[in-house]
Amino acid sequence: MAVNETVKYGIIGVGMMGREHLINLHHLRTQGVVVVCIADPHLPSQQLALELAQSFDWPLKLFLYMKVFSGHQELLDSGLCDVVVVSSPNMTHYLILMDILNHPKPHHVLVEKPLCTTVADCRKVVNAARKRPDMLVQVGLEYRYMPPVAKLIEIVKGGTLGQVKMVAIREHRFPFLIKVNNWNRFNSNTGGTLVEKCCHFFDLMRLFAGANPVRMMASGAMDVNHKDEIYDGKVPDIIDNAYVIVEFDNGARGMLDLCMFAEGSKNEQEISVVGHTGKGEAFVPESIVRFGSRMEGRDGVQTLKAENRLIKYEGLHHGSSYLEHLNFLSAIRVKGAKTPAVDLNDGLISVAMGVGAQLSIQKGRFVNIEEVLDEHNC
């Protein structure tokens with residue numbers, strides 16, 4: 001695709017995250033991006049997306065050109081777009097992705113995390129995508145792009161900390177937000193909290209460790225949130241706190257400390273990476289990075305304010321979604337590009353780690369990654 005050619009996007013699912021993508025793509029209009037169609041069966045979401053688009057300063061003819069469909073198949077069959085953003089509820093990802101991958105017209109795809117809610121479905125998507133070399137599929141693990149996290153990744157990859165031995169990620173935050181029809185209150189729809197929310201962190205652990213997971217041990221429960229809520233006679237079953245330990249095949253270890261009733265925190269995410277020669281930390285939303293060496297000790301610790309001047313819209317994720325789109329757009333336009341920065345295997349492994357952690361809580365024991373990846377157990 002030529003650099004100066006207009007790239008036409010469609011968005012499947014225009015709830016809260018879908019509208020966030022719409023705003024990000026609007027801020028990429030100077031890069032030759034336009035959203036030409038949306039699809040969502042939920043009429044209030046359609047209306048909110050239309051009102052949002054109407055508030056933008058896109059040329060009137062482009063706004064009038066944006067078509068609205070109730071289903072994703074209609075959007076695909078319209079032939080209007082080159083790229084599809086899938087931001088529908090988790091449990092719908094598998095069928096939508098398979099329809100996209102099996103469609104005669106090629107569409108490049110950015111799919112929100114998690115890739116799917118089960119490892120088996122993730123595998124089927126990966127296998128289907130292998131048959132479509134004319135399409136790029138990127139998974140929306142956008143935490144990689146948050147400026148402080150990206151800076152810490154740069155420090156780690158530069159060898160400043162030596163060989164990574166330990167990765168600790170703390171997320172202390174607010175409860176899950178209310179979504180359309182409260183779909184995110186149940187494991188059967190989300191894949192479980194450690195899949196739905198924490199696939200981001202398992203992806204980062206793997207990235208920092210530079211290795212693949214071997215086994216996981218987790219402890220977690222539903223202790224505070226959603227216990228007094230009832231939907232169609234059912235009480236939510238998603239956990240709201242957990243500790244997870246992950247062992248990697250290079251000897252590194254990771255730990256996740258998740259609490260979703262911790263609004264009284266200065267930072268929502270605190271990430272620590274320790275190598276054999278130094279330590280680095282990233283703090284969100286403070287956007288601070290600290291790093292130092294064992295040799296220089298406490299007095300040698302440096303503190304940086306992490307910023308990225310490319311960000312035109314910070315939005316809900318501190319500019320990471322904007323940078324994710326910018327990265328994917330570049331991949332689409334590079335002739336001969338075969339894989340995006342965050343590929344389907346990354347999506348698959350991040351889901352497998354979450355599934356393994358959920359299974360560990362249920363079984364009360366370590367869970368080997370092979371146990372999760374074995375299709376007979378998925």
>> Are the side chains of Val34 and Thr6 in contact, using a 4.5 Å heavy-atom criterion?
In response: yes
> To the nearest 0.5 Å, how far apart are CE in Met260 and CE in Met222?
Replying inline: 11.5 Å
> Hey, does the side chain of Thr118 reach the backbone of Asp121 with a donor-acceptor pair shorter than 3.5 angstrom?
Replying inline: yes
> Is there a salt bridge (charged side-chain N to carboxylate O under 4.0 Å, His left out) between Glu196 and Lys113 once you walk through the steps?
Replying inline: CA-CA 7 Å; Glu196 147 59 31; Lys113 61 78 193 169; 3.0 Å; yes
>> Quick check on the hydrophobic clustering: are Met353 and Met166 connected, directly or via other members, by side-chain heavy-atom contacts under 4.5 Å?
In response: no
> Any salt bridge between Glu229 and Arg185, counting N to O under 4.0 Å?
Replying inline: yes
> Are the side chain of Glu171 and the backbone N or O of Glu268 linked by a donor-acceptor pair below 3.5 Å?
Replying inline: no
> Would you say Leu115 and Met91 are hydrophobically clustered, going by side-chain heavy atoms of ILVMFWY under 4.5 Å?
Replying inline: no
>> Could you check whether any side-chain N or O of Arg333 sits under 3.5 Å from a backbone N or O of Glu5, counting only pairs where one atom can act as donor and the other as acceptor?
In response: yes
>> Between Asn127 and Arg130, does the side-chain hydrogen bond (donor to acceptor under 3.5 Å, both in side chains) criterion hold? Intermediate values first, please.
In response: CA-CA 5 Å; Asn127 291 334; Arg130 289 196 182 108; 2.5 Å; yes
> When you look at Glu51 and Gln47, which way does the side-chain hydrogen bond (donor to acceptor under 3.5 Å, both in side chains) test go after all the steps?
Replying inline: CA-CA 6 Å; Glu51 290 171 1; Gln47 187 59 40; 3.3 Å; yes
> Quick check: does any side chain N or O of Arg170 sit under 3.5 Å from a backbone N or O of Gln269, one acting as donor and the other as acceptor?
Replying inline: no
>> Within a 6.0 Å radius of atom CZ on Arg365, are there more than 12 heavy atoms belonging to other residues, nucleotides or ligands?
In response: yes
>> Hydrophobic clustering (ILVMFWY, side-chain heavy atoms < 4.5 Å, transitive) - are Leu316 and Leu177 grouped together?
In response: yes
>> Restricting to non-hydrogen atoms, name the atom on Gly162 and the atom on Thr277 that form the minimum distance, rounded to 0.1 Å.
In response: N-OG1, 3.1 Å
>> Less than 6.0 angstrom separating the ring centers of His27 and His325, yes or no?
In response: no
> Should Asp99 and Gln73 count as side-chain neighbours, where that means a heavy-atom distance under 4.5 Å?
Replying inline: yes
>> Can a donor-acceptor pair be found, under 3.5 Å and without considering hydrogens, that links the side chain of Asn102 to the backbone of Met98?
In response: yes
> Closest heavy-atom contact between Ala352 and Val372?
Replying inline: O-CG1, 3.6 Å
> Hey, what do you get for CG (Leu152) to OG1 (Thr160), rounding to the nearest 0.5 Å?
Replying inline: 10.0 Å
> In Å and rounded to the nearest 0.5 Å, what is the SG to OH distance from Cys122 to Tyr94?
Replying inline: 10.5 Å
> Which pair of heavy atoms, one from Gly280 and one from Leu161, lies closest together, and at what distance?
Replying inline: N-CD1, 3.6 Å
> Which heavy atom in Ser287 sits nearest to a heavy atom in Pro147, and how many Å separate them?
Replying inline: OG-CB, 4.3 Å
> Between Ser78 and Phe69, what is the shortest heavy-atom contact and its length?
Replying inline: CB-CZ, 3.6 Å
> Which distance, rounded to the nearest 0.5 Å, do you find between the CE of Met255 and the OG of Ser272?
Replying inline: 8.5 Å
> Does the side chain of Ile349 come within less than 4.5 Å of Arg206's, by heavy atoms?
Replying inline: yes
> Are more than 12 heavy atoms from other residues, nucleotides or ligands located less than 6.0 Å from atom NZ of Lys179?
Replying inline: yes
>> Taking the side chain as everything from C-beta on, heavy atoms only, tell me whether Val86 gets closer than 4.5 Å to Glu112.
In response: no
> Honestly curious: do Leu207 and Phe283 fall in one hydrophobic cluster under the side-chain, below-4.5 Å linking rule?
Replying inline: no
>> One pair to check against salt bridge (charged side-chain N to carboxylate O under 4.0 Å, His left out): Arg290 and Glu281. What are the steps and the verdict?
In response: CA-CA 5 Å; Arg290 294 192 180 97; Glu281 298 174 281; 5.2 Å; no
>> Main chain of Leu326, side chain of Ser330: is a donor-acceptor contact present, judged purely on distance under 3.5 Å?
In response: yes
>> Counting C-beta onward and ignoring hydrogens, is there a side-chain heavy-atom pair between Ile369 and Asn212 closer than 4.5 Å?
In response: no
> Quick one: does Leu50's side chain get under 4.5 Å of Met66's, heavy atoms only?
Replying inline: yes
> Considering only heavy atoms from C-beta outward, does the side chain of Ile238 approach that of His226 to under 4.5 Å?
Replying inline: yes
> Do Val36 and Lys67 pass the side chain to side chain contact (heavy atoms under 4.5 Å, CB included) test, and can you show the C-alpha distance, the side-chain angles, and the key distance before you say yes or no?
Replying inline: CA-CA 6 Å; Val36 297; Lys67 303 298 182 184; over 6 Å; no
> Counting heavy atoms not belonging to Ile178, are there more than 12 under 6.0 Å from its CD1?
Replying inline: no
>> To check you understand the geometry: which heavy-atom pair defines the closest contact between Glu20 and His317, and what is its length?
In response: OE2-N, 4.4 Å
>> Would you say that Thr303 contacts Ile288 through its side chain, given a criterion of any heavy-atom pair below 4.5 Å between the two side chains?
In response: yes
> Ignoring hydrogens and geometry, is there a side-chain-to-backbone donor-acceptor pair from Glu74 to Gly71 under 3.5 Å?
Replying inline: yes
> Linking I/L/V/M/F/W/Y whenever their side-chain heavy atoms sit closer than 4.5 Å, directly or via other members, would Leu25 and Ile332 fall into one cluster?
Replying inline: yes
> Does atom NZ of Lys105 have more than 12 heavy-atom neighbours from other groups under 6.0 Å away?
Replying inline: yes
> Is any side-chain N of the basic residue among Arg144 and Asp346 closer than 4.0 Å to the acidic one's carboxylate O?
Replying inline: yes
> Step by step, would you call Thr92 with Ile12 a side chain to side chain contact (heavy atoms under 4.5 Å, CB included)?
Replying inline: CA-CA 10 Å; Thr92 68; Ile12 296 173; over 6 Å; no
>> Quick check on ring pair (Phe, Tyr, Trp, His ring centres under 6.0 Å): which of Tyr322, Tyr313, Phe56 does His26 satisfy it with?
In response: Phe56
> With a 4.0 Å cut-off, would you call Arg132 and Asp134 a salt bridge?
Replying inline: yes
> Just wondering, more than 12 heavy atoms not from Tyr243 lying within 6.0 Å of its OH?
Replying inline: no
> More than 12 non-hydrogen atoms from neighbouring residues, nucleotides or ligands closer than 6.0 Å to CZ on Arg253, yes or no?
Replying inline: no
> Do side-chain atoms of Asp40 reach the backbone of His42 as a donor and acceptor pair under 3.5 angstrom?
Replying inline: yes
>> Centre-to-centre under 6.0 Å for Tyr143 and Phe201, is that the case here?
In response: yes
> Take atom NZ in Lys363; do more than 12 heavy atoms of anything else shown fall under 6.0 Å from it?
Replying inline: no
> Sub-3.5 Å donor-acceptor pair from the side chain of Ser360 to the main-chain atoms of Ala218, do we have one?
Replying inline: yes
>> Is there a side chain to side chain contact (heavy atoms under 4.5 Å, CB included) between His21 and Leu110? Walk through the geometry before answering.
In response: CA-CA 10 Å; His21 283 297; Leu110 174 62; 4.2 Å; yes
> For Leu194 and Ile361, what are the C-alpha separation, side-chain angles and deciding distance, and is it a side chain to side chain contact (heavy atoms under 4.5 Å, CB included)?
Replying inline: CA-CA 10 Å; Leu194 297 179; Ile361 292 172; 3.8 Å; yes
>> Looking at Trp183, is its backbone amide N or carbonyl O close enough to the side chain of Asn189 to form a donor-acceptor pair, meaning the two atoms are under 3.5 Å apart?
In response: yes
